[in-house]
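Heavy atoms only: backbone and side chains are in, while hydrogens, waters and symmetry mates are out. Keep in mind that what you see is a predicted model, and the values were worked out from it rather than measured. By convention in this document, chain letters (A, B, ...) are assigned in the order of the sequence lines, proteins followed by strands, and residues within each chain are numbered from 1.
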2 protein chains.
Amino acid sequence: MAGSPETGFQGKRSLKAIMSPSDENPRRKRAANTGPKGLGHFDPSGRQTLADQIYEQLHHEITQLVLKPGTPILEREIATRFDASRTPVREAVLRLAREMLVEVLPKSGTFVARIPLSALPEALVARRAIECDLVARAAKLASPAKILRLRAIIEEGREAAASGSQAEFDKTDSAFHAEIAAISGYPGLWKLVLQVKTPTDRFRHMVLPVADRMQQVVSEHEGIADAIERGDAVEAAECMESHLNQLKTDTLHTIERHPEYFVYDIDLDSLKCE
Amino acid sequence: MAGSPETGFQGKRSLKAIMSPSDENPRRKRAANTGPKGLGHFDPSGRQTLADQIYEQLHHEITQLVLKPGTPILEREIATRFDASRTPVREAVLRLAREMLVEVLPKSGTFVARIPLSALPEALVARRAIECDLVARAAKLASPAKILRLRAIIEEGREAAASGSQAEFDKTDSAFHAEIAAISGYPGLWKLVLQVKTPTDRFRHMVLPVADRMQQVVSEHEGIADAIERGDAVEAAECMESHLNQLKTDTLHTIERHPEYFVYDIDLDSLKCE
DNA sequence: CTAGTATATCTTGCATACCAGATAATCAAG
DNA sequence: CTTGATTATCTGGTATGCAAGATATACTAG
């Protein structure tokens with residue numbers, strides 16, 4: 001799961017606008033575009049701009065820790081790498097800057113950002129608050145069909161775990177949580193979670209790959225799905241909470257192993273408590 | 001509250017990097033920038049780029065409903081208005097597009113976005129989930145000093161309400177909720193709330209200005225502050241929830257009065273339930 | 001050898017120019 | 001009058017060029 005949290009708000013015109021009949025001006029003058037009139041012109045629009053592609057690639061490389069914190073980002077170099085000009089690269093870099101994935105020092109340089117320590121507990125709190133709420137709603141609303149889709153996703157995850165493909169597994173993990181958001185009736189909130197989730201994703205990739213963590217996640221997902229199927233909102237929320245709490249494991253140890261990857265904007269000790 | 005939800009991730013270099021002493025190359029060649037080495041170079045940096053200014057202005061005008069949904073955004077026109085080129089304007093527009101405040105139809109035009117109906121309940125759910133959690137934590141952590149700051153903000157709100165200044169009042173409202181996030185120990189999560197909050201802000205500006213709504217909000221804020229002061233987490237969360245639930249009022253009525261301002265991506269009826 | 005200064009050369013921010021695609025006005029045909 | 005094709009013209013996406021500021025190296029003075 002690497003893609004952009006939100007694809008933006010682009011779409012294709014679908015309906016012709018109404019002509020304004022009376023215009024005596026002999027000069028051919030294009031009238032102001034009247035804008036989208038039709039309903040539901042939301043178009044996920046396979047159309048992808050160059051900037052989008054560059055953004056996604058860089059986002060992927062940064063979150064997967066291919067590009068390590070501190071690495072310089074040369075706009076010019078990226079441009080040639082993608083055989084494009086600086087403009088779309090700059091667009092992508094600016095998006096990454098707003099997501100705190102890169103830091104840009106004006107007139108100096110751009111670098112892959114270190115992870116602010118504060119982002120880790122914040123991500124935890126936010127995810128718990130939102131996802132526990134969503135999963136509880138999902139438990140009350142789930143239809144058999146939806147539950148089957150959930151089971152299917154879990155099964156994909158089991159296969160990915162068996163084949164040891166971390167990347168593939170991560171995708172199913174995202175899909176699982178996104179599907180719960182969808183079942184709960186608020187699919188749009190998943191992209192909110194995606195935003196806060198990013199720092200923890202980067203973090204996860206620097207912890208030693210623990211062998212059976214994937215299988216453990218699969219069984220936790222099953223527990224959540226079971227609770228949803230039973231319609232047990234409280235239990236579902238509790239499962240989700242303990243599932244998310246697993247993110248805390250190895251935190252301190254990992255930070256000690258890669259101290260140069262973090263920004264110490266909060267006290268290290270505050271990570272221990274709670 | 002109109003400012004950008006997040007200022008980005010820009011900062012000034014503060015520490016000189018270490019020189020690499022051995023470089024026999026007689027040609028003057030500037031070595032790659034070594035990037036930020038010092039800790040905590042986060043610099044809110046009064047420095048504001050042209051694009052930032054344009055973004056903030058447009059953001060303000062859109063959320064305050066000065067620019068109504070459907071209004072065309074002419075990059076060229078905006079550029080001349082701000083006496084700048086298209087480049088920074090484009091930057092600003094792209095940011096607005098990602099926040100769903102404008103829709104850009106490639107090669108056709110850019111328009112102030114209509115409000116997706118789905119965004120309203122989503123904002124409610126997200127805010128309840130996050131802010132109820134935060135206020136409960138705040139209730140457990142609040143120090144007398146923090147509570148005084150909260151009271152001060154409430155008082156500012158009361159004055160703004162008395163003078164009937166909606167804009168001023170909105171600022172204090174944002175400040176109140178932001179302060180609670182700060183007290184809870186997760187100030188960064190307020191910007192998350194700001195994101196989902198935007199559509200409801202636009203919505204609020206098209207409902208007839210109800211006379212005493214501001215005073216009512218003040219007393220609700222007081223109730224929340226009281227609960228926090230007593231350290232009653234449960235009561236605080238409940239107060240916050242009912243406070244946020246007030247956003248639902250007049251929903252359907254307002255939508256009927258301005259049907260052209262919305263995108264009907266979900267069923268109207270689904271707004272009634274719950 | 002050390003410390004401070006000067007300068008070459010990099011960087012990002014902004015301005016301008018160009019292009020393909022989309023729209024609206026006009027025209028032609030039924 | 002309606003419908004479809006034509007074309008001028010506008011739009012956003014991209015490429016390129018210039019300027020101000022920041023850094024690393026070379027240089028100078030002690």
Side-chain angles (χ1 to χ4, degrees), chain A residues 8 10-37 47-54 72-80 82-94 97 102-111, chain B residues 8 10-37 47-54 72-80 82-94 97 102-111:
Chain A
Q10 303 197 172
K12 278 197 281 263
R13 168 68 42 71
S14 49
L15 269 68
K16 306 253 179 185
I18 314 158
M19 296 166 52
S20 52
S22 60
D23 187 340
E24 300 297 352
N25 193 339
R27 175 101 169 74
R28 274 197 187 177
K29 179 104 192 288
R30 187 175 171 275
N33 196 326
T34 45
K37 287 282 181 9
R47 166 110 182 99
Q48 237 195 348
T49 180
L50 244 178
D52 289 335
Q53 299 175 32
I54 298 174
I73 303 273
L74 282 291
E75 285 190 1
R76 201 139 202 159
E77 175 194 294
I78 308 274
T80 59
F82 285 88
D83 195 44
S85 87
R86 266 188 58 213
T87 306
V89 175
R90 179 172 167 69
E91 245 173 59
V93 167
L94 286 173
V102 305
E103 11 185 359
V104 22
L105 293 333
K107 312 294 178 81
S108 171
T110 302
F111 307 87
Chain B
Q10 303 197 170
K12 277 198 280 266
R13 166 69 44 73
S14 49
L15 269 67
K16 306 251 179 186
I18 315 157
M19 295 167 52
S20 52
S22 60
D23 186 342
E24 298 298 352
N25 194 339
R27 174 106 169 72
R28 276 197 187 176
K29 179 108 194 285
R30 186 176 173 274
N33 195 326
T34 45
K37 287 283 181 11
R47 166 113 182 97
Q48 234 192 349
T49 181
L50 245 179
D52 289 335
Q53 298 176 32
I54 298 174
I73 302 273
L74 281 291
E75 287 191 357
R76 208 138 203 156
E77 175 194 294
I78 308 274
T80 60
F82 285 88
D83 194 44
S85 88
R86 266 188 58 211
T87 308
V89 175
R90 180 170 169 66
E91 245 172 60
V93 168
L94 286 173
V102 304
E103 8 186 0
V104 21
L105 293 334
K107 312 293 182 78
S108 171
T110 301
F111 307 88

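- Considering only the side chain of Glu75(A), dT12(C) comes nearest among dC14(C), dG12(D), dT12(C).
- For Ser85(B), whose side chain is taken as the heavy atoms from C-beta onward, the closest listed nucleotide among dT11(C), dA15(D), dC14(C) is dC14(C).
- Between Phe111(B) and Val104(B) the shortest side-chain heavy-atom distance does not fall below 4.5 Å.
- Atom-to-atom, CD1 of Ile78(B) to C1' of dG12(D) comes out at 14 Å; the value is rounded to the nearest Å.
- Contact annotation for Arg76(A): no contact, since no heavy-atom pair falls under 4.0 Å across all strands.
- As rounded to whole Å, 14 Å separates atom P of dG13(D) from atom CD of Gln53(A).
- When each of dT14(D), dA20(D), dA15(D) is scored by its nearest atom to the side-chain atoms of Ala51(A), the top-ranked nucleotide is dT14(D).
- With values rounded to the nearest 0.5 angstrom, Glu75(B) atom CD is found 5.0 Å from Arg86(B) atom CZ.
- Considering only side-chain N and O atoms, Ser108(B) lies nowhere under 4.0 angstrom from the phosphate OP1 or OP2 of dG12(D).
- The base of dG13(D) is paired with the side chain of Arg86(B) by a donor and an acceptor separated by under 3.5 Å.
- Atom CG in Leu74(A) sits roughly 7 Å away from atom P in dT12(C) (whole-Å rounding).
- We find that CG of Leu105(B) is positioned 15 Å from C1' of dA24(C), with the value rounded to whole Å.
- Side-chain proximity of Lys107(B) to the nucleotides dT11(D), dG13(C), dT11(C) is greatest for dT11(D).
- Atom P of nucleotide dA15(C) and atom CZ of Arg90(A) are separated by 11 Å, given to the nearest angstrom.
- The side-chain heavy atoms of Leu94(A) and Glu91(B), taken from C-beta on, include a pair separated by under 4.5 Å.
- Between the CZ atom of Phe82(A) and the P atom of dT14(D) there is a distance of 13 Å, rounded to whole Å.
- Atom CZ of Arg90(B) sits about 14.0 Å away from atom CD1 of Ile78(B), to the nearest 0.5 Å.
- Heavy atoms of Ile73(A) sit under 4.0 angstrom from primed sugar atoms or phosphate atoms, though from no base atom.
- Contact check for Leu105(B) versus Thr110(B): no side-chain heavy atoms found under the 4.5 Å cut-off.
- Rounded to an integer number of Å, the gap from Glu77(B) CD to dG12(D) P is 11 Å.
- In this structure, Leu94(A) places its CG atom 10 Å from C1' of dG13(C), rounding to the nearest Å.
- Between Thr110(A) and Thr87(A), the residue anchored closer to the 5' end of DNA chain C is Thr110(A), taking for each the nucleotide with the nearest heavy atom.
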